[in-house]
Amino acid sequence: MADTLRQISFERLANSSYEVKNARGGTLRVGSGGADTDFTPVELLLAAIGTCSAIDVDIVVSRRAEPTEFSAVVRGDKVRDADEGNRMENLAVEFTVRFPEGEDGDKAREALPRSVKMSHDRLCTVSRTVELGTPVTTTVND
């Protein structure tokens, strides 16, 4: 049976400040977006969407040529809606990927649009989950 469970845990450090931990021992700090440099939950969502797709794309194109530049900007509008609640709209990932000149670079450039489309349409678990609208349950332990 495949191990499908993914999970993180977090602990409160101070009001609206948390340390997130993964099962492998990695940590990061998340906050409310005050004066500190901690990532906000919305920024983490944007980062998760972009990096999930980037990993898919990188695996495909790097087989053909090592990129000379590989970056992205992920953006969206935070909407405060009294009727439907807060949410993000207009989510977009914009890649900038360049390859060296030559046959291998040409192969990578050719594969790039196809790999971005494959990531969006079926591979990126994060953006697919957002687009399909998976329900989230919340509970309080005693």
Exercise for review: Find the distance between OH (Y18) and CG (L28) and round it off to the nearest 0.5 Å.
Suggested key: 14.0 Å

Study note, to complete from the structure: side chain to side chain contact (heavy atoms under 4.5 Å, CB included) test vs V74 passes for just one of V93, T51, L91, L45, namely V93

Check your understanding: Looking at OG of S115 and CD1 of I59, how far apart are the two atoms once the value is rounded to the nearest 0.5 Å?
Key -> 10.5 Å

Practice item. Measure the shortest side-chain to side-chain distance between R87 and D81 over non-hydrogen atoms and say whether it is less than 4.5 angstrom. Key: yes

Check your understanding: Tell me, do V116 and F95 make a side-chain contact under 4.5 Å, heavy atoms counted?
Key -> yes

Check your understanding: Is a donor on one side and an acceptor on the other found under 3.5 Å between the side chain of R98 and the backbone of P67?
Key -> no

Review point. If every non-hydrogen atom of V57 is compared with every non-hydrogen atom of S119, which pair is closest and at what distance?
Key: CG2-CB, 4.4 Å

Study note, to complete from the structure: Correct closest heavy-atom pair for F70 and A54 would be CZ-O, 3.7 Å

Check your understanding: Any chance the side chains of S17 and R12 put a donor and an acceptor closer than 3.5 Å?
Key -> no

Point to revise | K107 with E110: basic N within carboxylate O range, under 4.0 Å | key: no

Check your understanding: Under a 4.5 Å side-chain heavy-atom rule over Ile, Leu, Val, Met, Phe, Trp and Tyr, are V42 and L44 clustered together?
Key -> no

Exercise for review: State the CG-OG1 distance between D56 and T125, to the nearest 0.5 angstrom.
Suggested key: 7.5 Å

**Study point:** Check: S9 and V20 side chains under 4.5 Å, non-hydrogen atoms
**Key:** no

**Study point:** Lys/Arg-Asp/Glu bridge criterion (N-O < 4.0 Å) met for K78, E89
**Key:** no

Exercise for review: Grab the two heavy atoms, one from E43 and one from D38, that are nearest each other, plus how far apart they are.
Suggested key: OE1-O, 3.9 Å

Point to revise | Distance, nearest 0.5 Å, that separates CG of D104 from OG of S62 | key: 12.0 Å

